[in-house]
Amino acid sequence: MTYRGVTMLKTENIKVRFAPAPTGYLHVGGARTALFNWLYARNKGGKLVLRIEDTDAVRSTEESTKAIFDSLKWLGIDWDEGPFFQSERKEIYRTYAERLLSKGFAYESEDVKGTHKAVIFRLPSSRKIVIKDIIHDDVEFDTAVFKDIVLMKSDGTAAYNFACVVDDHLMGITHIIRGDDHISNTPKQVLLYEALGFPLPNFAHVPLILGPDGSRLSKRHGATSVGQYKGEGYFNKAFVNFLALLGWAPGDNREKMSTGEIIDSFGLDRIGKKGAIFDVKKLQWLNGVYIREMALEDLTGAVIPYLESAGIVDKDTDREHVKFIVSLVQERLKTFSETPAITGFFFTKDIFYDESAVKKYLLKEGVETILGKIICGIENEERFDVENLEKCFVKIKEEMNISNSKLIHPVRVAVTGSAASPPIFETMVGIGKENCVKRLKNTLSFINDGDFPFKTQNVPPPNPIE
RNA sequence: GACCCCAUCGUCUAGUGGCCUAGGACACAGGGUUUUCAUCCCUGCAACACGGGUUCGACUCCCGUUGGGGUCGCCA
């Protein structure tokens, strides 16, 4: 089997790894790296190892480790071996460091900064190192541009490049798939493989994920952690689908793909070389596609936490009622988190009015007459359902000899406070007869005294749920 | 600054010398459907960074330029 001209040995025993440092939440960049490793392993029937690179005792936290596990779980990424913690493998690294020391490849530092002497690898003065990268083909470095490599820090822990090489070898990693930002570490690691007498694994450096301005995605670009996207109400399957399409494409114009389809089509040979800008608009679109396809029951379950944390529904709210409301907004949703904002008026006692909608539809000639007739009509209907409401509206429409929209628009604003809503009859049923009548009557009095409770600009923000 | 990487519509991408007057999707614009919004449908917009080669023929290969990005820690 060959990829970009590189012959790959033992493709039947693929083993890859994801090796995050637990110094913060899982970044979308890290998530994509994890995903590509996982997809490759699953596609090849290989194995994925999870290794926590917590050699930096100061910056590593248990909280971060937990957050990373949570995010991986949310993404649906599972692993076959590990998690291994580098903090528990000090003796192993020490042994190999001593081996390099005794063979003369490394020396101990003069200045003692900690309790130990640092062990440092002596770099050959000038040597060309060619990395055979599956994505980039050959990349050449001259060792003259590097400084000597720290193997063991003076606090007794192993440094990144060393621990990484020792572990990747001991854990039997065949393919190292990681971000492009590691490519300049690779020649250093190659030197260590050689000195240690380890065979070289295959390397695949995947391009970075970029922010809207083309620079590496970072906090200043907004949401960058997987947890944030979860909290903002993205569906995990949609997020995974989107992430997979960042830097990789199946080649046949498919966009919406199930995880299984992605696994089947995935290959390192179709990963691009160019950094990819994280386009939230496309994520939102894809998320909307998934939401529209969700079973109502599932969507309701996904959305309830947001309604609860917004204080709009509680444990006692009738779930069937919530489900009905959700069914009305399903095709309007891009993320779960916007549900409170667009369904609030169904649940709250009082509503606030959109100022421009009021001006446009309520402060007009004849509106009071129309609303009055609607109130009468509703109160006289024995059953408050879509069918009867429609009959009632038609009757008034004919009586007054006016168009449908002349009737419907004012009523919509009166009962929802907004010019946009799901179909009016369903919406009214969702609001309930009593509430509708009350709002209609209130509206009448607001029109009279010109004292509408308008919506303020600061709509409550979505409540991120971690 | 040194080293490395990258370069197709605004964005994600298809494209491996002729099938390309460059395809798809998002975004955007316009139209249709709808009682509004959304959905859905249709249409439009818009790209091979530049300059040299190689070749009968380059988006595709080579060189250079420009532009962007990454890395230069006893962080990972």
Side-chain angles (χ1 to χ4, degrees), chain A residues 4 19-23 30 53-56 58-60 86 109 111-114 116-120 131 133 135-136 139-142 144-164 178-188 205 207-208 210 212-216 242 245-256 270 272-286 288-289 292 328-334 342 357 360-361 390 393 397 403-409 411-413 416 418-425 427:
Chain A
R4 295 180 195 269
T23 54
E53 307 216 320
D54 56 350
T55 52
D56 185 338
V58 182
R59 296 204 307 151
S60 300
Q86 291 189 324
S109 70
D111 55 321
V112 180
K113 294 177 185 173
H116 301 253
K117 279 183 176 170
V119 179
I120 300 170
I131 295 157
D133 189 278
I135 292 165
H136 295 285
V139 181
E140 190 177 298
F141 289 89
D142 191 323
V145 305
F146 300 121
K147 295 189 210 154
D148 286 357
I149 307 160
V150 174
L151 267 24
M152 299 297 291
K153 296 176 274 184
S154 52
D155 64 356
T157 63
Y160 166 71
N161 283 120
F162 186 54
C164 184
R178 60 180 25 157
D180 256 351
D181 50 335
H182 281 295
I183 200 156
S184 51
N185 279 320
T186 308
K188 302 177 193 175
H205 289 92
L208 301 175
L210 279 17
D213 63 353
S215 71
R216 193 224 260 257
F242 173 74
L245 257 18
L246 231 44
W248 174 83
D252 53 13
N253 291 338
R254 275 179 297 170
E255 299 283 343
K256 200 228 161 205
R270 292 200 64 85
K273 302 180 183 190
K274 196 175 64 163
I277 291 173
F278 191 93
D279 181 6
V280 186
K281 278 271 177 51
K282 185 161 180 177
L283 207 212
Q284 286 173 345
W285 162 75
L286 196 56
V289 172
R292 272 169 250 134
L328 297 182
V329 298
Q330 180 163 17
E331 67 184 20
R332 277 153 253 262
L333 246 29
K334 292 261 183 293
I342 70 170
K360 190 168 175 193
Y361 295 115
E390 185 157 16
F393 272 58
K397 185 187 93 170
S403 71
N404 233 337
S405 54
K406 271 269 184 295
L407 254 189
I408 285 170
H409 291 309
V411 174
R412 170 174 287 115
V413 180
T416 70
S418 159
S421 84
I424 190 64
F425 305 130
T427 297

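As the structure is a computational prediction, the values presented were derived from the model and not from experiment. Each chain gets a letter, A, B and so on, in the order the sequences are listed, and its residues count up from 1.
Contact of A:Asp181 with B:A76 (side chain to base): no donor-acceptor pair of N or O atoms is detected under 3.5 Å.
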Candidate pair A:Lys153 and A:Thr55, rule side-chain contact (heavy atoms from CB on, under 4.5 Å), full reasoning: CA-CA 10 Å; A:Lys153 296 176 274 184; A:Thr55 52; 4.1 Å; yes
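Note on A:Lys147: a side-chain N or O is less than 4.0 Å away from OP1 or OP2 of B:G73. Between A:Arg254 and B:G23 there is no side-chain N or O to OP1 or OP2 distance below 4.0 Å. One finds no side-chain N or O of A:Lys273 lying less than 4.0 angstrom from the OP1 or OP2 phosphate oxygen of B:C5. Within the structure, every side-chain polar atom (N or O) of A:Lys188 is placed at least 4.0 Å from both OP1 and OP2 of B:U71. The shortest distance between the side-chain N/O atoms of A:Arg178 and the OP1/OP2 oxygens of B:A76 is not below 4.0 Å. At the phosphate of B:C6, OP1 or OP2 sits under 4.0 Å from a side-chain N or O atom of A:His136.
Residue A:Lys256 places its NZ atom among more than 12 non-hydrogen atoms of other residues, nucleotides or ligands, all under 6.0 Å distant.
As rounded to the nearest Å, B:G32 and B:G15 have P atoms that lie 38 Å from one another. Distance check on atom C1': B:G70 versus B:C61 gives 27 Å, rounded to whole Å. One C1' atom belongs to B:C48, the other to B:U8, and the distance between them is 4 Å to the nearest Å. A distance of about 23 Å separates the P atoms of B:U13 and B:G18, rounded to the whole Å.
Under the 30°/60° scheme for interplanar angles, the aromatic rings of A:His409 and A:Tyr361 are found to lie parallel.
The side chain of A:Arg216 has B:G70 as its nearest neighbour among B:C12, B:C3, B:G70.
Annotation: side-chain hydrogen bond (donor to acceptor under 3.5 Å, both in side chains) contacts of A:Arg332 (sequence neighbours excluded): none. Under the rule for a salt bridge (Lys or Arg N to Asp or Glu O under 4.0 Å), the partners of A:Asp56 that lie at least two apart in sequence or sit in another chain are A:Arg59.
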Any chance you could list the contact pattern along nucleotides 25-36 of chain B? Use B for base contacts, S for sugar-phosphate-only contacts and - for none, protein heavy atoms under 4.0 Å, 5' to 3'. BSS-------BB
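For A:Ile131 against A:Ile183, the heavy-atom pair with the smallest separation is CD1-O, 4.2 Å.
Under the 4.5 Å side-chain criterion, counting only non-hydrogen atoms from C-beta, A:Pro250 is in contact with A:Leu245.
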